[in-house]
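Comments concern the structure below.
Note: hydrogens, waters and symmetry copies are ignored here, and every other heavy atom, side chains too, is used. Just so we're on the same page: letters track the sequence lines, and every chain starts at 1.
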Amino acid sequence: MIEVRLPDGAVRTFPEGTTLREVAGAIGSRLAKAAVAGSVDGRAVDLEYRLTTAAAVSVITADSEAGLEIIRHSTSHLMAQAVKELFPATQVTIGPAVENGFYYDFAHDRPFTTEDLGLIEARMRELVKADLPITRELLPRDAAIALFREMGEIFKTEIIGDIPEGEEVSLYRQGNFVDLCRGPHVPSTGRLGHFKLLSVAGAYWRGDSRNQQLQRLYGTAWADEKGLKAYLHQLAEAEKRDHRRLGRELELFSLQEEAGGGLVFWHPMGSRVRHVIEEFWKQQHREAGYEFLHTPHLANRELWRTSGHLDFYSESMFNPLTVDAEQYQVRPMNCPFHILIFRQGLRSYRELPLRWAELGTVYRYEMSGVLHGLFRVRGFTQDDAHIFCRADQIEAEIEAILELTLATLRTFGFADFQINLSTRPAKSVGSDAIWEKATAALRQAIARQGLDHVEDVGGGAFYGPKIDVKITDAIGRKWQCSTVQLDFNLPERFDISYIGEDGQRHRPIMIHRALMGSLERFFGVLIEHYAGHFPLWLAPVQAVVLTITEAHDAWAEEVRRTLLAAGLRVESDLRNAKVGYKIREHTLKKVPYLLIIGDRERQERTVSLRGRQGKDFGAVPLAELVSRLLTETRTRTATQGPGQLQEETP
RNA sequence: GCUGGCGUAGCUCAACUGGCAGAGCAACGGAUUUGUAAUCCGUAGGUUCGGGGUUCGAUUCCCCGCGCCAGCUCCA
């Protein structure tokens, strides 16, 4: 008999050779039914795994993260089986689980079509119905190589070739399909079924563009129909929120073929939003003790040699221009310019910290294939700042930056934060002492803000540790916008210094930081986060006054002028059209408030207030309306979210 | 940059295997003076992404280029 320790601490004894399936069954029949795999001493294994020694055992169920991953992995194998049955000449390569689903890379003589996807999916469903057992077997490495070579699977043969000689490899069989795999897998194909194939894409063997291009099939898989439905719904929701679509519909911005890829045109409505964002940003930075800079978009290329960008960043830089006899460079970053300003004159320790901010537009060469709406562009504006400080000021500065960052992000409606701290990589500049001190300061600052963080050990840049903040949007997607980065390198390269208390020259520490990152990208995130329903303080048009007939024009004009004078972004719609028509039009433009004026309102000097979700706030006197809209604007509260997007197209 | 898909009116999309390039919405003109998500009638709108080729004839087939989309790659 062997002792088995369960997750709740209980210890039970079973005969040697008991399978995990039997353990699960002994605990409860419900658990046995939900089980997809198990874990023995922390290692994921199949349900058929036989216990030979005492161990800590837990059962992995379909509804857990680990269980889902196994289901996705097994579904990927199911897809490979279907593909092999339909297209026997296809060779299999690898097929892992990924976030929300799985993929499998095939070597196929032609690209798969959407029709193929349908066929494959149908075959997969047949295989699920057949409920084929999925069995594991061990084979010596060389025997496995021989087996796959005989099957003509050269990619698999190559993979096994990388496994050290003399080791055993595991194979999984389901029906006639056999695949090299570490596992674990669900016990039979009948355990799968809540999946959908999504797309075909090219991918390179081993991710190397010099290698053969493979056909990658993507799919999603879930523990139950509810999970699948919810995910497909989220995909549809994301499409409805697509900032490229909303950007055109709401006349916010455009990208133009004539001008070139990745270059953003902010239209009047988008520019209004940007203006509000920038004003907010400036106010916050003024209050936080920042000064503002404006620096050129172009400079002598030598500067970029000094900064080191030419050595390690030139692939992302546009080609230089020749100006007179000199080479000039469009800037991909703002930092060298801020350093040049720092270097003007002698700096005293009394001046530090210096906090210098700039909404600096930079240009980076991105490969044409990666450009994507506002999310990936070639010209964008960073809400950049550089802080020059003494080593003993690092912690306080980082803490202040984090506080400012979180306050900013919260104002834009983001509540979930994931903080990553990246520490010293193998190759780096700067002394051990400064790295240790700086990293400890970053950790401390995060803790002081009452935040948890994840450490990416060795993930920092060579010039200093960094903190990244990821936000979660309204439909659960994560975005990294904010970054705080210590730099021990640039001050060195530009040889900047300040005079310390001791009268000696000292090297300042430089902190790079951006809260929104790129204004363009952040705007894109905001559009999708709010699904175009900007809160009142951001909305390009905050209210539209609309009349029933032209008899109401005079009062409508007075209302409009009053709101305009109060600083609100208001427009009027005096067109000779039915109210229903006007309401529909402005609702589709997602205007937060509609102010409807007819005989009654004119008589009583009120407006009938309607929210963009269709909510009727009744008649509101003009003075009350002004204070109400101003309060909502000033407090930057977000009322009237997107709600059910379907309602917009009744 | 690479692979694949796509490119028709401002937008969404039609046009059987090559045979007169169309609809709805939007725009514009007129009528309608209207109470909480679409009033009616009319007008105009096109180098079918660009260039070349095959053909009696190309939106359709072929080649080259550009752009977009998905993915890969890249990401200080």
(Q) Using only modelled atom types and a 3.5 angstrom limit, is any donor from either the side chain of Glu249(A) or the base of G10(B) paired with an acceptor on the other? (A) no
Between the protein and nucleotides 24-31 of chain B, which nitrogen or oxygen pairs come in under 3.5 angstrom?
none

Q. Atom CG in Leu536(A), atom CZ in Arg628(A): separation rounded to 0.5 Å?
A. 11.0 Å
Q. Considering only G35(B), G71(B), G1(B), which nucleotide approaches the side chain of Tyr365(A) most closely?
A. G1(B)
Q. Rounded to the nearest Å, what distance is computed from the NE2 atom of residue His552(A) to the P atom of nucleotide U33(B)?
A. 14 Å
Q. So, is the end of the Arg575(A) side chain (NZ or CZ) under 6.0 Å from the ring centre of Tyr581(A) and within 45° of the ring's axis?
A. no
Q.
What's the closest nucleotide to the side chain of His372(A) if the choices are A37(B), A70(B), G71(B)?
A. A70(B)
Q: Provide, to the nearest angstrom, the distance between the CD atom belonging to Gln613(A) and the P atom belonging to U36(B).
A: 19 Å
Q | Atom pair distance, as rounded to whole Å: CG in Leu197(A) and P in G71(B) | A | 16 Å
Q: Report yes if a side-chain nitrogen or oxygen of Arg610(A) is closer than 4.0 Å to either non-bridging phosphate oxygen (OP1 or OP2) of A37(B); otherwise report no.
A: yes
Q. When the distance from CG of Leu594(A) to C1' of U36(B) is rounded to whole Å, what number comes out?
A. 9 Å
Q.
What's the closest nucleotide to the side chain of Arg376(A) if the choices are C74(B), U3(B), A38(B)?
A. C74(B)
Q: Between U39(B) and G52(B), how far apart are the P atoms? Round to whole Å, please.
A: 47 Å
Q. Does C25(B) pair with anything, Watson-Crick or G-U wobble, both distances under 3.5 Å, and if so, with which nucleotide?
A. G10(B)
Q.
Distance check needed: G1(B) P versus Met367(A) CE, whole Å only.
A. 9 Å
(Q) Can you work out whether Gly614(A) or Arg364(A) has the more 5'-proximal nearest nucleotide on RNA chain B? (A) Gly614(A)
Q | Derivation of the side-chain contact (heavy atoms from CB on, under 4.5 Å) call for Leu442(A) and His453(A) | A | CA-CA 11 Å; Leu442(A) 294 186; His453(A) 72 277; over 6 Å; no
Q) Which one, G1(B), G35(B), U39(B), comes nearest to the side chain of Lys578(A)? A) U39(B)
Q.
Both distances below 3.5 Å, Watson-Crick or wobble geometry, any strand: find the nucleotide opposite G1(B).
A. C72(B)
Q. Taking atom P in both A15(B) and U8(B), what distance in whole Å separates the two?
A. 14 Å
(Q) Students often get this wrong, so: under 4.0 angstrom with heavy atoms, is Tyr313(A) touching a base, only sugar-phosphate, or nothing? (A) sugar-phosphate
Q) Rounded to whole angstrom units, what separation is found between the CD atom of Gln256(A) and the P atom of G67(B)? A) 14 Å
Q: Look at the aromatic rings of His309(A) and Tyr313(A) and report parallel, tilted or perpendicular, splitting at 30° and 60°.
A: perpendicular
Q | 5′-ward residue of the pair Gly261(A)/Gly308(A) relative to RNA chain B | A | Gly261(A)
(Q) Any base atoms under 4.0 Å from Ala551(A), or only sugar-phosphate, or nothing? Heavy atoms, all strands. (A) nothing
Q. Touch check for Tyr218(A), heavy atoms < 4.0 angstrom, all strands: base, sugar-phosphate only, or nothing?
A. sugar-phosphate
Q: Spell out, as yes or no, whether a donor-acceptor pair under 3.5 Å connects the side chain of Thr405(A) to the backbone of Ile401(A).
A: yes
Q. Does His586(A) have a side-chain nitrogen or oxygen under 4.0 Å from the phosphate oxygens OP1 or OP2 of U36(B)?
A. no
Q.
Taking the ring of Phe106(A) and the ring of Tyr104(A), is the distance between their centroids below 6.0 Å?
A. yes
**Q.** Same-atom distance (P) from C63(B) to C6(B), integer angstrom
**A.** 13 Å
Q.
Applying a 4.0 Å non-hydrogen cut-off, can you work out what Asp599(A) is touching in the nucleic acid: base, sugar-phosphate, or nothing?
A. base
Q.
Going by purine N1 to pyrimidine N3 plus the second Watson-Crick contact, or the G-U wobble pair, all under 3.5 Å, which nucleotide sits opposite A31(B)?
A. U39(B)
Q.
Could you tell me how far G19(B) sits from U48(B) if I compare only their P atoms? Round to whole Å.
A. 16 Å
Q) CG of Leu263(A) versus C1' of G67(B): gap in Å, rounded? A) 13 Å
Q) Is the distance between the ring centroids of Phe337(A) and Trp356(A) less than 6.0 Å? A) no
Q.
Only pairs with both distances under 3.5 Å count, Watson-Crick or wobble alike; so what is the partner of G18(B) in this structure?
A. none
Q: Return the nearest nucleotide to the side chain of Glu550(A); candidates are G35(B), U33(B), U73(B).
A: U33(B)
Q | Integer-rounded Å distance: C74(B) P and Arg378(A) CZ | A | 18 Å
Q: Look at all strands and tell whether Gly598(A) reaches a base, only sugar-phosphate, or nothing, counting heavy atoms closer than 4.0 Å.
A: base
Q) Can Arg560(A) be said to sit on top of Trp555(A)'s aromatic six-ring, NZ or CZ under 6.0 Å from centre and within 45° of the ring axis? A) no
Q: Run the ring-centre check on Trp435(A) versus Phe488(A) and record whether the distance is less than 6.0 Å.
A: yes
(Q) Side-chain N or O of Arg248(A) versus OP1/OP2 of U12(B): is the shortest distance under 4.0 Å? (A) yes
Q) Is Leu371(A) touching bases, backbone alone, or none of the nucleic acid, heavy atoms closer than 4.0 Å? A) sugar-phosphate
Q. If we take the P atom in both C68(B) and A58(B), what is their distance in whole Å?
A. 30 Å
Q | Close aromatic pair by centroid cut-off 6.0 Å: His243(A) and Phe523(A) | A | no
Q: Have a look at Gln329(A) and tell me which of Arg301(A), Arg305(A), His297(A), Glu302(A) forms a side chain to side chain donor-acceptor pair (under 3.5 Å) with it.
A: Arg301(A)
Q | Separation between the C1' atoms of C28(B) and C66(B), rounded to whole Å | A | 33 Å
Q.
Need one value for Ser608(A): base, sugar-phosphate or nothing, where a base atom within 4.0 Å counts as base even if backbone is also close, heavy atoms only.
A. base
**Q.** Distance, P atom - from U17(B) to G7(B), rounded to whole angstrom
**A.** 14 Å
Q. How far, in whole Å, is A9(B) from G22(B) if one measures between their C1' atoms?
A. 10 Å
(Q) Does a side-chain N or O of Arg244(A) approach OP1 or OP2 of C69(B) to a distance below 4.0 Å, or not? (A) yes
